[in-house]
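Data block below; observations after.
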Amino acid sequence: VDAFLIDCVRSQVDAFLAELDRIEGSEFPYRHSNDCVVETKDLFLAHREVLSEITPESDAGSVELACNTALSHVRNNLDLLGFLLRSTNVRNAFEAYGPLLRMASTALGAATRLVISSEWMFSPFTYVGVPHLPNTVLVGLPATESGNPLLLPLAGHEFGHTAWAHFKLDADMRQKVETAIIADIQANWPSLQKYFPETKPDDVATDLLARALWMIAWSWAKRQCEEYFCDFFGLHLFGEGFLDAFAYLLAPYRKGKRTPSYPALVDRSRALADAALKLGVPVVADYSKLFGELPAFSPDEERENALLSLADRVSTGLIPDLNSRVQDLLKSSGAAPQSEDKISGNLKRFSFRVPAERAGGIANILAAAWRARLDPALMGLEKMDPDSKTMLAEIVWKSIEIDEIEYRLAQHS
Amino acid sequence: MESERINMTITEAPQAQKLRINDSRLPLLVSQAAMELDHAARGESKSLSHAQDFFLFLRESLEADAGETEHRWLDPETVDVFEHALRNSGVHELRTVQDVIRESLQFVNGIGEKAKRGLEPDMEALLRFCVAFGNSLLAHRAQYRPEFPANPFRR
């Protein structure tokens, strides 16, 4: 392997570590961001050590592997680095840190760590579990929305990703998804046969050629299951606030392409609405009609469309199982569902233009805020103009702060 | 001074053994193991702790899910990575999952058998498989890395 190429890789790893050193010198508002920087640094120090062992006598295959592995980690962790850096920015919702961490700890265990940051991508749903940062929830909201507390319920979805890893659901769902994929292919053999020209239906599970193809659908379906699970997690923790925040951010998507590893928005919203009804969370009629269908592939990409339909059928078939898993996990954790009394009380305070007291936690504050946002008459307003939205946001932030103060005082009394 | 032996009979689970095939830390472990095996293959004295963790990971991956019956189950990612690692190591007669499991177990059990009998493993062969596995893992991760949702403002 060319010495110049090895030097390039070493330099890139060194540059990554230098950046981590600079970030480590930042003023962190809470410990967990700093912990993540230190643990990410450990990963790259290990890479630096491997690369330092390369000599002119080293085996070419090992050298190439070391370089490619280090580069793949540089590439895949750069956005995480930016995320950790931005977690120090004052634009972040520090008022919400304590309440959200408490909620995450109740749902996921006392060892849970939380990092709140801003995204310079529009979608907040960007981080799945980061293995070198175990028990860590990374909540990133679009930077342009960082002053909008009404989007905080989307943190519940991110808690779900950590729960998925923490409670080892991935390992369990792998076989379930595979079984469902194979059963679906065999059940729909007449229409799917053409994609498996050299395989008999009974051999679909074992034939390596067939597996290479259905594994694409398996991979999508497994990720879709995780997303459904995370949506249910957010819904169970934040109630109607999650439904409204989800719709605010995603319902306006009417152009562009769907990502196959995410469920279709219409399917997602339908699953959320069904789960909300079962949970007794108020949901508007035809909630799913707020969302549009986006194509993942062009119509002439027949095979890709067939695989995606297969993945969609499998993941939607597992929705009841995923929802009941969330219910079981959160029931045993003691996470409180939303309270109609608390929401009404909070809403009344908002209508007086004052922050809520004894609000019953962040979920009840945000549910009340969404009711006010969607029905300005509840605030005695004719419409929700920009000034009214700002006023509502201010009252909500203050309510969250008061809720935190009350909690801390209660801890000391 | 000779290198450490690869000990496949350890029953205590080190941290690395708990890694799963989709864990982003696994490629680093494989890379560290390859470096150690390279040193050992050239007769240099080095610790083989990462190599040992790697081979224990292989054994755990094949046994944890597969069970003891004829109808073993391995998750699709494990099958895919092992299949391509075997092909890159020169095993080409692979048609079914059972072929992949059989060949992989044969390789892994072979290391264990040699260790039990106190024989020196073929470091060159271990290195080749380790590199092949690492390359297969990186290729697999590149292919199946979760994509971010499309930015609505991009199109």
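Within every chain, numbering begins at 1; the chains are lettered A, B, ... in the order of the sequence lines, protein sequences first and strands thereafter. Computation of the quantities below employed the complete heavy-atom set of this structure, encompassing side-chain atoms and omitting hydrogens, waters and symmetry-equivalent molecules. Worth saying up front: this structure is predicted, and the values here are computed from it rather than measured.
With contacts defined as side-chain heavy-atom distances shorter than 4.5 Å, the pair B:R87/A:L208 qualifies. The shortest side-chain heavy-atom distance between B:H140 and A:M215 falls under the 4.5 Å cut-off.
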(message) Could you walk me through whether A:I54 and B:M35 satisfy the side chain to side chain contact (heavy atoms under 4.5 Å, CB included) test, starting with their C-alpha distance in whole Å, then the side-chain angles of each, then the deciding distance to 0.1 Å, before giving a yes or no?
(response) CA-CA 8 Å; A:I54 296 174; B:M35 276 294 158; 3.5 Å; yes
(request) Please lay out, stage by stage, how A:S58 and B:R42 fare under the test side chain to side chain contact (heavy atoms under 4.5 Å, CB included). (result) CA-CA 9 Å; A:S58 294; B:R42 286 187 281 121; 3.8 Å; yes
(request) Quick one: do B:N22 and A:R174 satisfy side chain to side chain contact (heavy atoms under 4.5 Å, CB included)? Show the steps, please. (result) CA-CA 12 Å; B:N22 59 335; A:R174 285 167 173 260; 3.0 Å; yes
(message) Set out, in order, the CA-CA distance, both residues' side-chain angles and the distance that settles side chain to side chain contact (heavy atoms under 4.5 Å, CB included) for B:L37 and A:D59, then state yes or no.
(response) CA-CA 10 Å; B:L37 290 167; A:D59 167 70; over 6 Å; no
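Using a 4.5 Å cut-off between heavy atoms, B:L94 contacts chain A through both its backbone and its side chain. With a 4.5 Å cut-off on non-hydrogen atoms, B:E83 touches chain A through its side chain but not through its backbone. Contact annotation for B:D80: only side-chain heavy atoms (C-beta onward) come within less than 4.5 Å of a heavy atom of chain A. Both the backbone and the side chain of B:L28 have a heavy atom closer than 4.5 Å to some heavy atom of chain A. With a 4.5 Å cut-off on non-hydrogen atoms, A:A70 does not touch chain B at all. Within the 4.5 angstrom heavy-atom criterion, only side-chain atoms of B:V100, from C-beta onward, approach chain A.
Between chain A and the options B:V79, B:T96, B:D23, the largest number of non-hydrogen pairs under 4.5 Å is found for B:T96. The residue among A:A212, A:A171, A:A205 with the most heavy atom pairs within less than 4.5 Å of chain B is A:A171. Note: A:E178 leads A:E178, A:H132, A:E53 in heavy-atom pairs under 4.5 Å with chain B. Ranked by heavy-atom pairs shorter than 4.5 Å toward chain A, the options B:E77, B:E36, B:Q32 are led by B:E77.
Applying the 6.0 Å contact sphere to CZ of B:R102 captures more than 12 heavy atoms from other residues, nucleotides or ligands.
When all heavy atoms of A:V50 and B:S31 are compared, the closest pair comes out as CG1-OG, 3.5 Å.
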